[in-house]
Asks: 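Handing you a structure now.
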Amino acid sequence: MPRLALYPGSFDPVTNGHLDVLRRALRLFDRVEVTVGVNVAKHGLFSAEERIELIEASTAEWSEDERARLSIETFDGLIVDRAKARRAVALVRGLRQVSDFDYEMRMAVANRRMAEDIVTLFLTPEPENAFTSASLVREIHRFGGDVSSFVPPPVLARLRARS
Ligand code: PNS
């Protein structure tokens with residue numbers, strides 16, 4: 001049976017760091033579903049449909065093999081329920097710095113308690129994206145700053161069209 005991993009997150013918007021983690025996950029699993037989830041603690045910039053569109057556009061130039069093994073979906077509920085329903089074996093999360101650790105551990109431990117068989121796997125982005133985050137992108141963009149080194153071209157174009 002093909003091994004599926006979910007890569008859950010808000011992706012508001014998708015960043016170069018997310019894309020790097022996604023590509024690495026595709027090297028480890030047969031299939032990866034990017035699950036655009038709802039983070040109740042975050043106020044959104046883009047709608048779920050726009051986030052999906054932007055991930056699609058940002059991966060459009062990837063190899064046929066990568067694109068064939070990748071899907072992008074939204075999900076509103078517990079991520080472990082989605083993982084069980086899709087028979088996923090793992091949840092992939094990017095881990096950038098120590099400051100991510102508390103939040104990520106809390107989620108991983110809670111998810112493990114709810115679904116013992118589903119493994120949370122942390123992947124690190126390349127060093128140039130170690131400090132890239134969607135919230136930083138939203139903040140810099142809000143005050144008119146240049147986010148071109150943090151996001152892929154389709155996201156940059158959409159942000160510019162909005163300002
Ligand atoms: O990119 P984010 O905002 O850090 O992603 C967080 C997300 C969406 C993955 C997380 O909030 C999530 O899994 N939400 C779905 C609801 C859920 O399962 N919550 C319990 C996690 S402990």
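These numbers were taken from a predicted model, which means no experiment stands behind them. Indexing begins at 1, ligand by ligand and atom by atom, following the structure's order.
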Asks: Out of curiosity, does Ile79 fall in the hydrophobic cluster containing Val119 (side-chain heavy atoms, cut-off under 4.5 Å, transitive links)?
Replies: no

Asks: Is atom 9 (C) of ligand 1 near the protein, in the sense that some protein heavy atom lies at less than 4.0 Å from it?
Replies: yes

Asks: Minimum heavy-atom separation for Ser10 to Val36, with atom names?
Replies: O-CG1, 3.9 Å

Asks: How close does the nearest protein non-hydrogen atom get to atom 1 (O) of ligand 1, and which residue and atom is it?
Replies: Ser10 N, 3.0 Å

Asks: Which residue and atom name correspond to the protein heavy atom nearest atom 19 (N) of ligand 1, and how close is it?
Replies: Leu78 CD2, 3.9 Å

Asks: Which atoms from ligand 1 have a heavy atom of Ile79 less than 4.0 Å away?
Replies: 13 (O), 17 (C), 18 (O)

Asks: Which one holds for Phe75 and ligand 1: side chain close, backbone close, both close, or neither close, with close meaning a heavy atom under 4.0 Å?
Replies: neither

Asks: Of the choices Gly9, Gly37, Gly77, which has the non-hydrogen atom that lies closest to atom 16 (C) of ligand 1?
Replies: Gly77

Asks: For ligand 1, is there an N or O atom under 3.5 Å from any N or O atom of Tyr103?
Replies: yes

Asks: Atom 14 (N) of ligand 1: which protein heavy atom is closest, and how many Å away?
Replies: Val38 O, 3.4 Å

Asks: Decide, yes or no, whether a salt bridge links Arg86 with Glu73 under the criterion of side-chain N to carboxylate O below 4.0 Å.
Replies: no

Asks: With heavy atoms under 4.0 Å as the rule, classify the contact between Arg93 and ligand 1 as side chain, backbone, both or neither.
Replies: side chain

Asks: When you compare the side chains of Ser63 and Asp65, does any donor N or O come within less than 3.5 Å of an acceptor on the partner?
Replies: no

Asks: Do Leu45 and Leu159 come within less than 4.5 Å of each other through their side chains, counting heavy atoms only?
Replies: yes

Asks: Looking at every heavy atom in both Leu123 and Val21, which two are closest together, and how far apart are they?
Replies: CD1-O, 3.9 Å

Asks: For Asp100 and Gln97, which I'm curious about, is there any donor-acceptor pair between the side chains at under 3.5 Å?
Replies: no

Asks: Indicate, as side chain, backbone, both or neither, the part of Asn111 found under 4.0 angstrom from ligand 1 when only non-hydrogen atoms are considered.
Replies: side chain

